[in-house]
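This report concerns only the one structure given below.
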Amino acid sequence: AEAVPLPRRSHGSASNPTTSVLYVFGGFTLAKDSPAGKNFNDVWEFNPTTRKWKQLAEYRRPGAPQGRGAMAMAFDPGYGDGSLIIHGGATCLTGCTCHSDLFRFDLSTRQWSTIQTKSFGPVGRHEMSSLSLSSLLLHTGDGAPGVDLRGSPTAQGKTGFPLLLP
């Protein structure tokens, strides 16, 4: 049988605009789902030409971000075969914990690395979108309750901010 990702919700996805290949990272299942109560941190690739899935990084790979869903994810063409940029998200089982970390998955080496930004780091957040433009990663969306995307207290911020990548 062909390998395919397990069912999940709130996963991240990004595509390579040159090849149209789709990448999927993470996501989670709730207690009522099957498999029950799992936070994923695996990476999958879907090739629209062959219509086949391929697992690029397995669940719980050393150096990978903690399993999560509702993160921002973007394809960055600037490194080798490109890379996936993952920011924030939430680990959810009985409750949710928001993350503020930033990771790169190198598609050439299939290795994870932590990114230190040239700008400030926002507080932990989830349910946002991102777009990679050269060395700039743009975010937009909801974020953490009571905090806007620049990190200042608001009623419910819905603004955007840039992260300068090294």
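The shortest non-hydrogen separation linking His11 to Met71 is C-SD, 4.2 Å. Residue Asp106 comes nearest to Thr109 through the heavy atom pair OD1-N, 3.1 Å, listed as atom of the first residue, atom of the second, then distance. Ala14 and Ala74 get closest at one heavy-atom pair: CB-C, 3.8 Å. Between Gln55 and Arg110, the shortest heavy-atom contact is O-NH1, 4.4 Å.
Taking CH2 of Trp112 as the reference point, atom OG of Ser83 lies at 10.0 Å (rounded to 0.5 Å). Interatomic distance, CG of Asp76 versus CG of Leu84, reported as 9.0 Å (0.5 Å rounding). How far CZ of Phe40 is from CD of Gln66: 14.5 Å, rounded to the nearest 0.5 Å. Rounded to the nearest 0.5 Å, atoms CZ (Phe103) and NE2 (His87) are 10.5 Å apart. Rounding to the nearest 0.5 angstrom, the gap separating the CG atom in Asp42 from the CG atom in Leu6 is 7.5 Å. Annotation: the span from Ile85 atom CD1 to Met73 atom CE amounts to 10.0 Å, rounded to 0.5 Å.
Under a 3.5 Å cut-off, the side chain of Ser108 and the backbone N or O of Asp81 do form a donor-acceptor pair. Side-chain atoms of Ser15 never come within 3.5 Å of backbone atoms of Val21 as a donor-acceptor pair (strictly under, hydrogens ignored). A distance-only check finds no donor-acceptor pair linking the side chain of Ser13 to the backbone of Val24 [under 3.5 Å]. Although no hydrogens or angles enter the test, the distance criterion places a donor-acceptor pair under 3.5 Å between the side chain of Asn41 and the main chain of Pro65.
With sequence neighbours left out, the side-chain contact (heavy atoms from CB on, under 4.5 Å) criterion links Pro5 to Arg8, Trp44, Trp53. A search for side-chain contact (heavy atoms from CB on, under 4.5 Å) contacts involving Thr49 returns Asn47, not counting sequence neighbours. Every residue meeting the salt bridge (charged side-chain N to carboxylate O under 4.0 Å, His left out) condition with Asp101, not counting sequence neighbours, appears here in chain and number order: Arg68.
Taking the side chain as every heavy atom from C-beta outward, Phe105 and Gln111 never approach each other to under 4.5 Å.
Cluster membership check: Phe25 shares its hydrophobic cluster with Leu56, using side-chain heavy-atom separations under 4.5 Å among Ile, Leu, Val, Met, Phe, Trp and Tyr. Clustering ILVMFWY residues whenever any of their side-chain heavy atoms sit less than 4.5 angstrom apart, transitively, puts Ile86 in a cluster other than the one holding Phe46.
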Criterion side-chain contact (heavy atoms from CB on, under 4.5 Å) on Thr29 and Arg9, from CA distance to verdict: CA-CA 6 Å; Thr29 59; Arg9 58 181 78 215; 5.8 Å; no
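Residues Arg104 and Ser113 bring no donor and acceptor atom of their side chains to less than 3.5 Å of each other.
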